[in-house]
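Some notes on the structure that comes next.
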Amino acid sequence: MTFGISQYYGGPAVKTYQEKRMDGKYYTVYETINDPTTGNPIINFENYDRVVLSSEAQAPIIEIKDIPEAIRVTIYASNEREFYVMNVDYIKGTY
């Protein structure tokens, strides 16, 4: 049997602001927004909607990579009511 997986990845929510440097130019600064209850970076939309009240904030970037043939499993059936996983092969990707 072969199974596919969906792998989620991306970046946390950030707050942006302009900072003037010594050369007189303004630069955009990105600062990770942390959840005040956990202290962890905000990486999902549920926490983002609950916590963020600033117009200078950018939502987390969430992307999905589908790996249709990620894992191959060899199954052994000793009878029609029982089966055992004999071997698991990771076909491609890093998990």
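Predicted model only: the values in this text are computed from it and were never measured. Note that these values count all heavy atoms, side chains included, but never hydrogens, waters or copies made by symmetry.
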Are V14 and E56 close enough that some pair of their side-chain heavy atoms sits under 4.5 Å apart?
no
For residues V85 and N87, determine if any side-chain heavy atom of one lies less than 4.5 Å from a side-chain heavy atom of the other.
no
Do E19 and R21 sit within salt-bridge range, that is, some charged N less than 4.0 Å from a carboxylate O?
yes
In a table with atom names and distances, give each donor-acceptor pair under 3.5 Å that connects a side chain of residues 24-31 to protein atoms at least two apart or in another chain.
unit_1 : atom_1 : unit_2 : atom_2 : d
Y27    : OH     : D23    : OD2    : 2.9
T28    : OG1    : Q18    : NE2    : 2.8

Considering non-hydrogen atoms only, spot the tightest contact between Y84 and S78 and give its length.
CE1-OG, 3.8 Å
Measure the [atom1]-[atom2] distance between [X] and [Y] for me, rounded to the nearest 0.5 Å.
X	Y	atom1	atom2	value
D35	N44	CG	CG	8.5 Å
S6	I64	OG	CD1	6.0 Å
I33	Y48	CD1	OH	6.5 Å

Group every Ile, Leu, Val, Met, Phe, Trp and Tyr by side-chain heavy-atom contacts under 4.5 Å, then state whether I71 and I75 land in the same group.
yes
Applying the 4.5 Å side-chain criterion to the ILVMFWY set and letting contacts propagate, would I42 and Y8 be lumped into a single cluster?
no
Can you tell me if D49 and N47 form a side-chain donor-acceptor pair at under 3.5 Å?
no
Exercise: do Q7 and Y9 side chains pair donor with acceptor under 3.5 Å
no
Check this for me: I61, atom CD1, are more than 12 non-hydrogen atoms of other residues, nucleotides or ligands nearer than 6.0 Å?
no
